[in-house]
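First up is the structure itself, then whatever we jot down about it.
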Amino acid sequence: MRQTVLDLQASAIRDVANAGMGRADVLPFWFGESDEVTPGPIRAAAVASLQAGETFYTHNLGLPELREAVARYSTALHGPIAAERVAITSGGVNALMLAVQMLVDAGDAVVAVTPVWPNLTAQPRILGARLGCVALKPRADGAWALDLPELLAAITPATRLLVLNSPNNPTGWTLTRQEQAAILAHCRATGTWILADEVYERLYYRDDTASGAAPSFLDIAATDDRLVVAQSFSKAFLMTGWRLGWLVMPPAMTPQMGKLIEFNTSCAPVFVQRAALAALAAADAITPRVAAHLRQCRDTLVPLLQRLPGVATSSAPGGMYAFVRIDGWDDTLRLAQRLVAEAGLGLAPGVAFGPEAEGWLRWCFASRDPARLTVGVRRLGDWLVAQRRA
């Protein structure tokens, strides 16, 4: 076995969730998914495809009609994007891994902005890259911010790839248009590729974009820029278990991506792609409703947390998470394990997202019933009171 794989850290989120799965008394907010099922028309399209016998291989890059639909959807948000730039992938994580496989050789220098979903830092390591991290900085109010000069200084002509996730999992930090423009201009000068994980772009709660989506590199980049954007149907379309995503890339890369998909998964299942077509056809109804509901969930949870003594968090501009600091608790894996065992509350430990997030907990607020969030805060508050008395 490769030592690089042996050295990978198992998911601390899974460590916590495995201890609480199957317990009816635990409120699970550990995973990054809503507890709302996929909308009926999407599920019906998949059923119809299976009943029609669509159980065979399809094109490596995806159904042509789905690539066209993704291109139209992306164009409506970001300006002209041709279907020849789109590849359909077997999930957002598969999209990201394919992009890293396409761009990174062993020994290449990669820079990632952290804290971040651990897959984004594990993937370059798996391929033997030299990974450097630039950490977001927490403010006293619980919000996180980018030190842009620090990031730009870390990206040199020797840097092969910059990995960014915005809106960010776990902090909710979101790049501004000015930051994106500065990063893009700098990476053009250094010849550095940008891999932008923008899967949370539709879960954006500021009213500063006409599209309702978070600022995207696709808004400002040229077609042939060294930019690959990873997307997913998981979050805004409530399709986490379907495992379908897509990539937008320079057109010259697309045929090569088709080859790479062949050697990874061959193709995404046809019935799942039919479901995605139904999702995109109903996007104008589904995604605004999902975003509005999650904004309600955020605005229910965050003020309640902020009233708890010793707790700091902020209203994130994007994503589906509250990132929470609790005074006096530095070992968040142990804290999360105790909250499961003693409070019936399932949260993700901050250390899962990088050492700079130790002392923080991630709370996924994507709840079908916001009242569950209120119960969760009550459990946390009662547990904290008990700890102070002990």
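Residue numbers start at 1 and run along the sequence shown. Excluded from the calculations below are hydrogen atoms, water molecules and symmetry mates; all remaining heavy atoms, backbone and side chain alike, are included.
No side-chain N or O of Gln101 forms a donor-acceptor pair with one of Gln123 less than 3.5 Å apart. Under 3.5 Å, the side chains of Ser367 and Arg372 contain a donor-acceptor pair of N or O atoms. Side-chain contact check for Gln306 and Thr313: no donor-acceptor pair (N or O, by modelled atom type) lies under 3.5 Å. For the residue pair Asp7 and Thr4, no side-chain donor N or O sits within less than 3.5 Å of a side-chain acceptor on the partner. Looking at Thr287 and Arg202, their side chains do bring a donor and an acceptor atom within 3.5 Å of each other. If you check the side chains of Ser166 and Glu198, you find no donor sitting under 3.5 Å from an acceptor.
Within 6.0 Å of CG on Asp284 lie no more than 12 heavy atoms contributed by other residues, nucleotides or ligands.
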- request: May I have the step-by-step check of side chain to side chain donor-acceptor pair (under 3.5 Å) for Glu33 and Ser234, ending in yes or no?
  value: CA-CA 8 Å; Glu33 65 177 350; Ser234 290; over 6 Å; no
query: Can Arg130 and Asp108 be said to form a side chain to side chain contact (heavy atoms under 4.5 Å, CB included), step by step?
result: CA-CA 6 Å; Arg130 294 179 292 109; Asp108 280 347; over 6 Å; no
- request: Given salt bridge (charged side-chain N to carboxylate O under 4.0 Å, His left out), test Glu36 with Arg289 step by step and report yes or no.
  value: CA-CA 12 Å; Glu36 183 178 350; Arg289 180 190 66 79; 3.0 Å; yes
message: Evaluate Leu151 against Val113 for side chain to side chain contact (heavy atoms under 4.5 Å, CB included), listing each step before the verdict.
response: CA-CA 8 Å; Leu151 175 61; Val113 175; 3.9 Å; yes
message: Quick one, Leu218 with Arg85, criterion side chain to side chain contact (heavy atoms under 4.5 Å, CB included). Give me CA distance, side-chain angles, the key distance, then yes/no.
response: CA-CA 12 Å; Leu218 293 173; Arg85 298 179 61 193; 4.1 Å; yes
task: Report the C-alpha distance between Asp219 and Arg177 in whole Å, list the side-chain angles of each, state the deciding distance to 0.1 Å, and finish with yes or no for salt bridge (charged side-chain N to carboxylate O under 4.0 Å, His left out).
output: CA-CA 9 Å; Asp219 298 327; Arg177 173 69 71 240; 2.7 Å; yes
query: Does the pair Cys133 and Val111 meet the rule for a side chain to side chain contact (heavy atoms under 4.5 Å, CB included), with working shown?
result: CA-CA 6 Å; Cys133 297; Val111 171; over 6 Å; no
message: For Glu65 and Gln273: C-alpha separation, side-chain torsions, deciding distance, then whether side chain to side chain donor-acceptor pair (under 3.5 Å) applies.
response: CA-CA 9 Å; Glu65 55 266 50; Gln273 296 189 64; over 6 Å; no
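For the pair Val116 and Asn169, the minimum side-chain heavy-atom distance is 4.5 Å or more. Side-chain contact between Arg2 and Leu6 is absent, with no heavy-atom pair separated by less than 4.5 Å. Using a 4.5 Å cut-off on side-chain heavy atoms (C-beta onward), Pro317 and Pro167 make no contact. Contact annotation: the side chain of Leu152 never approaches that of Pro149 to less than 4.5 Å [non-hydrogen atoms, C-beta and beyond]. At a threshold of 4.5 Å between non-hydrogen side-chain atoms, the residues Leu131 and Thr121 count as touching. Annotation: side chain of Leu238 is not in contact with side chain of Val37 (no heavy-atom distance under 4.5 Å). Side-chain contact check for Pro250 versus Thr223: every heavy-atom pair is 4.5 Å or farther apart. Looking only at side-chain heavy atoms (C-beta outward), Trp117 and Val93 come within less than 4.5 Å of each other.
For the ring-ring contact (aromatic ring centres under 6.0 Å, His included) test with Trp360, the passing option among Trp329, Phe323, Phe353 is Phe323; the others fail. Partner of Val377 under the side-chain contact (heavy atoms from CB on, under 4.5 Å) criterion, out of Thr300, Leu304, Val311, Leu345: Leu304 alone. Under the side-chain contact (heavy atoms from CB on, under 4.5 Å) test applied with Val248, the options Leu227, Val228, Ile81 reduce to a single match, Ile81. Of the residues listed (Ile88, Leu66, Leu61), the one engaging Trp246 in a side-chain contact (heavy atoms from CB on, under 4.5 Å) is Ile88, and it is the only one.
Proximity of a side-chain donor or acceptor of Asn165 to a complementary backbone N or O of Asp197 within less than 3.5 Å is detected. With hydrogens and angles disregarded, a donor-acceptor distance shorter than 3.5 Å links the side chain of Asn264 to the backbone of Leu260. At distances below 3.5 Å, not a single donor-acceptor pair connects side-chain atoms of Arg139 with backbone N or O atoms of Trp144. Distance alone, capped at 3.5 Å, places no donor-acceptor pair between the Thr159 side chain and the Leu161 backbone. In this structure, the side chain of Asp331 engages the main chain of Arg334 through a donor-acceptor pair within 3.5 Å. Using modelled atom types, no side-chain atom of Arg274 and backbone atom of Ala46 make a donor-acceptor pair closer than 3.5 Å. Within the 3.5 Å criterion, the main-chain N or O of Glu84 finds a donor-acceptor partner in the side chain of Thr254. Between the side chain of His78 and the backbone N or O of Ser216, no donor-acceptor pair lies under 3.5 Å. For Lys235 (side chain) and Gly32 (main-chain N/O), a donor-acceptor pair under 3.5 Å exists by modelled atom type. Side chain of Thr192 to main chain of Arg160: no donor-acceptor pair is present (N/O by atom type, distance under 3.5 Å, no hydrogens or angles).
Aromatic pair Trp242/Phe237: centroids not less than 6.0 angstrom apart.
Using a 4.5 Å cut-off between side-chain heavy atoms of Ile, Leu, Val, Met, Phe, Trp and Tyr, with links allowed through other members, Tyr204 and Val229 fall into different hydrophobic clusters. Linking ILVMFWY residues whenever their side-chain heavy atoms come closer than 4.5 Å, directly or via other members, leaves Ile220 and Trp193 in distinct clusters. Using a 4.5 Å cut-off between side-chain heavy atoms of Ile, Leu, Val, Met, Phe, Trp and Tyr, with links allowed through other members, Leu136 and Leu148 fall into the same hydrophobic cluster. Clustering ILVMFWY residues whenever any of their side-chain heavy atoms sit less than 4.5 angstrom apart, transitively, puts Val110 in the very cluster that holds Leu195. Under the 4.5 Å side-chain heavy-atom criterion for grouping Ile, Leu, Val, Met, Phe, Trp and Tyr, Val70 is not connected to Met253 through any hydrophobic cluster.
Separation of atoms CG (Leu203) and CZ (Arg298) is listed at 11.5 Å; rounding is to 0.5 Å. Going from atom CD of Gln178 over to atom CD1 of Ile183 covers 11.5 Å, rounded to the nearest 0.5 Å. With values rounded to the nearest 0.5 angstrom, Gln9 atom CD is found 9.0 Å from Arg125 atom CZ.
Nearest approach of Pro28 to Val26, heavy atoms of both residues: CD-O, 3.2 Å. In plain terms, the two heavy atoms of Val340 and Trp30 that are nearest each other are CG2-CZ3, 3.9 Å. Of all heavy-atom pairs between Leu27 and Arg379, the closest is CG-NH1, 3.7 Å. Looking at every heavy atom in both residues, Leu175 comes nearest to Pro215 through O-CG, 3.7 Å. Closest approach of Ala352 and Ala12 over heavy atoms only: CB-CB, 3.8 Å. Glu150 and Ala135 get closest at one heavy-atom pair: OE1-O, 4.4 Å.
Using a cutoff of 4.0 Å between basic side-chain nitrogens and carboxylate oxygens, Arg388 and Asp327 are not scored as salt-bridged.
Taking the centre and axis of the six-membered ring of Tyr321, the NZ or CZ atom of Arg362 falls inside the cone set by 45° and 6.0 Å.
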